[in-house]
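This report concerns only the one structure given below.
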Amino acid sequence: TAARLLPLSPVSSFYMRTCRRKLLGAVMAHIYGEGLCDTEVKAFTLIHPAWFYKAGTLHEIDPKAIRKHLRRCFDRVGITAAEGALWAALHGEFDGNGYQLHFHGVAAGAKATLICKLYSRNGFDRTADIQQPINCKDVYDLSGWLSYCMKSYWPQRLKYIDKHGKPRRGRKQGLQRPQLEEFLMWMSKQHLLSLIIHSGFSSTA
């Protein structure tokens with residue numbers, strides 16, 4: 001890798017650490033350069049039912065298609081054209097049956113106001129498995145939240161039925177085999193920028 005004989009990819013934690021420093025630093029510099037403080041930024045998580053994929057099918061997922069789908073949703077409600085900035089990264093979680101992909105991100109200005117209004121629009125609906133398809137909250141630690149948005153690993157929270165017959169989710173833990181291998185193989189084939197969506201940043205940011 002040091003000799004550039006092997007292609008770097010997001011599967012490498014070393015590569016991801018280097019990219020996170022550069023990308024997240026640029027996002028923070030842009031936001032602070034606009035004169036905004038942490039509390040003027042909204043943190044958000046977006047979960048769409050269409051972004052669920054059964055175990056064993058991860059190799060069929062094209063993150064660019066998911067990003068394109070989300071951008072169409074943004075266009076329809078005016079988020080892309082609105083004033084402000086938005087940055088988010090694709091992430092996933094395994095529930096025992098499949099992977100629920102989602103985006104963690106930050107937004108400022110009119111984009112932040114509009115993204116919090118996506119609930120029940122463009123398919124962002126509550127389901128039996130998705131209690132909060134849109135989750136917006138205030139940011140008190142921008143650097144900490146941005147670091148949470150862009151990670152080189154996916155967790156698992158396995159579903160189970162409790163003694164009262166109600167569905168529950170277990171504690172969050174690291175992926176186990178064979179899902180770990182499936183995730184690593186998928187991640188090794190991705191371009192980092194295909195996992196990111198942004199709007200409102202200058203070309204030099």
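Remember, it's a predicted structure, so these values are computed and weren't measured experimentally.
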Ignoring hydrogens, what is the shortest heavy-atom contact between I115 and C136? Give both atom names and the distance. CG2-SG, 4.1 Å
So which pairs with a foot in residues 175-188 pass salt bridge (Lys or Arg N to Asp or Glu O under 4.0 Å), sequence neighbours left out? R177-E181
Can you see which heavy atom on Y32 is nearest to which on L36, and at what distance? CD2-O, 3.3 Å
Residues at least two apart in sequence or cross-chain that pass ring-ring contact (aromatic ring centres under 6.0 Å, His included) with Y148, listed by chain then number, are H104, W145
Work out which heavy atom in W186 is nearest to a heavy atom in I61; give both atom names and the distance. NE1-O, 3.1 Å
For D38 and L142, indicate whether the former's side chain and the latter's backbone hold a donor-acceptor pair under 3.5 Å. yes
Report yes or no: does H91 contribute a side-chain atom to a donor-acceptor pair with the main-chain N or O of Y153 at less than 3.5 Å? yes
Suppose we screen for ring-ring contact (aromatic ring centres under 6.0 Å, His included). Which residues come up paired with F183, at least two apart in sequence or across chains? W154
Side chains of L90 and I196 in contact at under 4.5 Å (non-hydrogen atoms): no
Looking at Y99 versus Y53, is the centre-to-centre ring distance below 6.0 Å? no
Test: salt bridge (Lys or Arg N to Asp or Glu O under 4.0 Å). Region: residues 139-157. Which pairs qualify, not counting sequence neighbours? none
Got a sec, which residues hit side-chain contact (heavy atoms from CB on, under 4.5 Å) with Q176, two or more places apart in sequence or on another chain? Q156
Under a 4.5 Å cut-off applied to non-hydrogen side-chain atoms, are L46 and N135 in contact? no
Just by distance, do the side chain of E40 and the backbone of C37 share a donor-acceptor pair under 3.5 Å? yes
Output, in order, the C-alpha distance, side-chain angles, deciding distance and verdict of side chain to side chain contact (heavy atoms under 4.5 Å, CB included) for C116 and L118. CA-CA 6 Å; C116 293; L118 267 175; over 6 Å; no
Please enumerate all residues that pass salt bridge (Lys or Arg N to Asp or Glu O under 4.0 Å) together with R17, with sequence neighbours excluded. none
Would you say the side chain of F52 lies within less than 4.5 Å of the side chain of D129, judging by non-hydrogen atoms? no
Closest approach of V11 and L184, non-hydrogen atoms and distance? CG2-O, 3.5 Å
After noting the C-alpha distance and the side-chain angles of Q131 and R126, does the key distance pass the side chain to side chain donor-acceptor pair (under 3.5 Å) rule? CA-CA 5 Å; Q131 299 302 307; R126 183 174 179 176; 2.6 Å; yes
Does any part of the side chain of K42, heavy atoms only, come nearer than 4.5 Å to the side chain of V139, both counted from C-beta? no
Pairs under 3.5 angstrom only: tabulate donor-acceptor contacts from the side chains of residues 78-87 to other protein residues two or more places apart or in another chain.
unit_1	atom_1	unit_2	atom_2	d
T80	OG1	D75	OD1	2.6
E83	OE1	A110	N	3.1

Just jot down the salt bridge (Lys or Arg N to Asp or Glu O under 4.0 Å) partners of D95, sequence neighbours excluded, or say none. K159
Counting neighbours of CZ on R21 that are heavy atoms of other residues, nucleotides or ligands and sit closer than 6.0 Å, is the number greater than 12? no
Do you know which two heavy atoms are closest between S9 and Y15, and how far apart they sit? O-CD2, 3.1 Å
Please enumerate all residues that pass side chain to side chain donor-acceptor pair (under 3.5 Å) together with S12, with sequence neighbours excluded. none
Among residues two or more places apart or on two chains, list those pairs meeting salt bridge (Lys or Arg N to Asp or Glu O under 4.0 Å) that have a residue in residues 47-70. D62-K64
Find out whether Q173 and P155 are in side-chain contact, i.e. whether some heavy atom of one side chain is under 4.5 Å from a heavy atom of the other. no
Those residues at least two apart in sequence (or on a different chain) that pass ring-ring contact (aromatic ring centres under 6.0 Å, His included) with F124 are H48, W51
Looking at every heavy atom in both F103 and L195, which two are closest together, and how far apart are they? CE2-O, 4.2 Å
Under 6.0 Å from the NE2 atom of H69, do we count more than 12 heavy atoms belonging to anything else shown? yes
Listing request: all salt bridge (Lys or Arg N to Asp or Glu O under 4.0 Å) pairs with a residue in residues 111-124, at least two apart in sequence or in separate chains. none
Heavy-atom distance under 4.5 Å between the side chains of Q100 and I130, does that happen here? yes
Beyond-backbone contact of I134 with I47, side-chain heavy atoms, under 4.5 angstrom: no
